[in-house]
Protein chains: 2
Amino acid sequence: MTNQVKTRKKRDTHEKRQVILEGAVKVFIESGYDVSSMDKIAEVAGVSKRTVYNHFQSKENLFQAVVNDFLKQRDQQKPIEYSKTRSLEEQLKEFAEAELYLIDDPIRRGLSKFLTSVFVMDIEFGKKVRGQVKSPHESFINWLNSAQADGKLQFQSVQLAAQIFYGLVEGCLTYNALFSDGASLKFKEPILTELVSTFVSRYGVE
Amino acid sequence: MTNQVKTRKKRDTHEKRQVILEGAVKVFIESGYDVSSMDKIAEVAGVSKRTVYNHFQSKENLFQAVVNDFLKQRDQQKPIEYSKTRSLEEQLKEFAEAELYLIDDPIRRGLSKFLTSVFVMDIEFGKKVRGQVKSPHESFINWLNSAQADGKLQFQSVQLAAQIFYGLVEGCLTYNALFSDGASLKFKEPILTELVSTFVSRYGVE
DNA sequence: ATATTACACTGTACAGTGTAGTTTAATTAT
DNA sequence: ATAATTAAACTACACTGTACAGTGTAATAT
């Protein structure tokens, strides 16, 4: 005899899960991991604490889910292909703008801040998470190689050139935005232009 | 009649205070503000918890003292003067190295990490603290103006040029060191050279 | 039948205090 | 100079109150 078990279609709990995640994001962003209590998260999500624990085993677990969600979003950016016809400046600016995607919206910027505070104090965890994500540098390195093959750029080491570019973007824009909660982005245009122009001064051919 | 009170010279408690501060630094660096307990700090400092509270009113207070100590140290760097005879590259490298002072020693780097985690989650506090400290940019801006007056550099906006330089240094070196706990500093030399060279490509005359 | 809620409850960790006794060092007496 | 005196600094330890992670359960909503 087969072990026939009456099974019933489970209800869709996706919505509640999402509500909890959004609440968790709000609270984590507001106060950081340690200060955020599960009671507060439940309250902000508009859900009983027990329901939070029915969806997520533990606070650690909920945090991981928040991180994974964020990384999934981040990975959905489409790569930028090298174009022979468009100007270098225009294309470089696109790479820079793509990097700013993480900080130009209050929630994504909040998460970036929050994760910065976590990663900087837990190097191992930060390394682990960064290992799960494909770095935007890869795509840029391909672009740089194409530009060199096309005779528009000239460099000794692609790695070094890529580090200079992302250093410029992050150092001049990303981190300032994180520490000013986005206020510095009001003046981003001149910096963006200057930074691209600096890169081209160094590596552009004539 | 004067209210003559037999007063006794107070004992020097500077040493204990210092021991407590050092213990607090160790513990804060290790775990961040919220996770660090006053019991743990007392234990690491080798001092009774009551003594900690005899020196510092509260945990918040102790934290402030740690921050002030760190800022005092940071302020003691001597300014770099413009020289007509030394090469631009050499002098720029000195500015970059001065910036790396904050992260080239494990304890200072630990404190930089710790403060980054605090400031990024409490913008107002970060602003307040940064307002108390004279920025190294000021000194660099003077240098840039001297170099322009000397006909060696050429730029539209000093502010922008300074932002590019510190963006390069922080983006390429400082933050990577923070997130890798200094591991990235092993390869700092080529980056330092490249970054200075990039800056000179953009703003150098001929 | 499954998901959710309200609510009470456990255990733990921790900031901060109170106190009584001990150590240390500046002052005073020898 | 040396020893006794004394107040300041320190320690051990018990204690208060609070906040919070996580659980158990019975009732309710879907």
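Everything numeric here is computed off the predicted structure, so don't read it as measured data. In what follows, chains are A, B, ... by sequence order, proteins preceding strands, each numbered from 1.
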May I have the distance from A:Tyr53 (atom OH) to C:dC7 (atom C1'), rounded to whole angstrom? 16 Å

d(CD, A:Glu15; P, D:dT30) in whole Å: 13 Å

Separation of atom NZ in B:Lys59 from atom C1' in D:dA19, rounded to whole Å: 13 Å

D:dA7 P sits how many Å from B:Asn54 CG, rounded? 19 Å

Could you give the CG-to-P distance, from A:Asp39 to D:dC20, as a whole number of Å? 7 Å

Residue whose nearest DNA chain C nucleotide is more 5′ - B:Ser37 or A:Ser48: A:Ser48

Just to confirm, is there a sub-4.0 Å distance from OP1 or OP2 of D:dA9 to any side-chain nitrogen or oxygen of B:Thr13? no

Check: B:Phe114 ring centroid to B:Phe63 ring centroid under 6.0 Å: yes

For B:Phe95, the option from B:Phe199, B:Tyr166, B:Phe140 that meets ring-ring contact (aromatic ring centres under 6.0 Å, His included): B:Phe140

Mind checking if B:Lys49 touches a base, just sugar-phosphate, or nothing, with heavy atoms under 4.0 Å? base

Salt-bridged, B:Lys93 to B:Glu90, with N to O below 4.0 Å? no

Is B:Glu97 salt-bridged to B:Lys188, cutoff N-O under 4.0 Å? yes

Would you kindly give the CZ-to-C1' distance between B:Arg50 and C:dG21, to the nearest whole Å? 14 Å

State which of D:dT11, D:dT25, C:dT4 makes the closest approach to the side chain of A:Thr51. C:dT4

Answer yes or no: does a side-chain N or O of B:His55 lie under 4.0 Å from OP1 or OP2 of D:dA9? no

Between C:dA3 (C1') and A:Gln18 (CD): distance, integer Å: 17 Å

Are OP1 or OP2 of D:dT30 and a side-chain N or O of A:Lys16 less than 4.0 angstrom apart? no

Using atom CG of B:Asp34 as one end and atom P of D:dT18 as the other, report the distance to the nearest whole Å. 20 Å

Pairwise distance CZ(B:Arg86) to CG(B:Leu92) - rounded to 0.5 angstrom: 10.5 Å

